[in-house]
Amino acid sequence: MAKRLKSKPLERGSVLFDVIYEDGSQASNRRVPVEVLGGLDGDLPAHAVIAAQDEVIAQKSGRPQRAIRSVTRSPAPEARPGREQHGQP
């Protein structure tokens, strides 16, 4: 009988990004699915995903869509005091 190979775990969830618009305003913690990130393009697809999200928001609000200047990953959240982390008592 052939030995079954273990499959790699699937990456799920989302990555948070900070967006700076041409008018100087900022949006923090915009979610982008992890499936579209990585590979040769790295975080480049996040710009397109966030632009598509902004288009939907602009249509629903009736306001014009803002032009994106830059998209960067949000810093990792710090552990809250009083909360236990995995592996630590």
Side-chain angles (χ1 to χ4, degrees):
M1 196 183 286
K3 188 174 184 180
R4 182 175 164 191
L5 298 175
K6 228 181 197 183
S7 62
K8 293 183 180 181
L10 297 174
E11 291 187 31
R12 296 183 185 162
S14 58
V15 178
L16 300 177
F17 284 86
D18 293 333
V19 182
I20 299 178
Y21 295 96
E22 291 293 335
D23 64 1
S25 61
Q26 179 178 348
S28 298
N29 298 331
R30 298 288 300 271
R31 293 184 186 272
V32 175
V34 76
E35 299 90 38
V36 300
L37 303 174
L40 296 176
D41 293 331
D43 288 346
L44 190 59
H47 189 281
V49 171
I50 292 172
Q53 291 172 354
D54 282 351
E55 184 177 350
V56 171
I57 292 168
Q59 288 175 352
K60 288 182 179 180
S61 69
R63 297 182 188 163
Q65 184 175 351
R66 298 181 289 178
I68 297 173
R69 182 185 306 163
S70 67
V71 176
T72 57
R73 282 190 185 228
S74 298
E78 296 180 16
R80 295 182 187 168
R83 290 194 152 213
E84 296 180 12
Q85 294 181 354
H86 295 285
Q88 295 179 354

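By convention here, the first residue in the shown sequence is residue 1.
- Taken to the nearest 0.5 Å, the OG1 atom of T72 stands 6.0 Å off from the CD1 atom of I20.
- Remark: R31 CZ is loosely packed, at most 12 non-hydrogen atoms of other residues, nucleotides or ligands lying under 6.0 Å away.
- When every heavy atom of I57 is checked against every heavy atom of R30, the shortest pair comes out as CD1-NH2, 4.2 Å.
- When all heavy atoms of P64 and A58 are compared, the pair lying nearest together is C-CB, 4.1 Å.
- Side-chain contact check for D54 versus Y21: some heavy-atom pair is nearer than 4.5 Å.
- One finds the CD atom of Q53 at 11.0 Å from the CD atom of Q65 (value rounded to the nearest 0.5 Å).
- In terms of heavy-atom proximity, S25 sits nearest to R66 at OG-NH1, 2.9 Å.
- Among the candidates V15, L16, V32, the single residue satisfying the side chain to side chain contact (heavy atoms under 4.5 Å, CB included) test with R73 is V15.
- No side-chain heavy atom of D18 sits under 4.5 Å from any side-chain heavy atom of V71.
- In this structure, F17 and S74 approach most closely via the heavy-atom pair C-OG, 3.3 Å.
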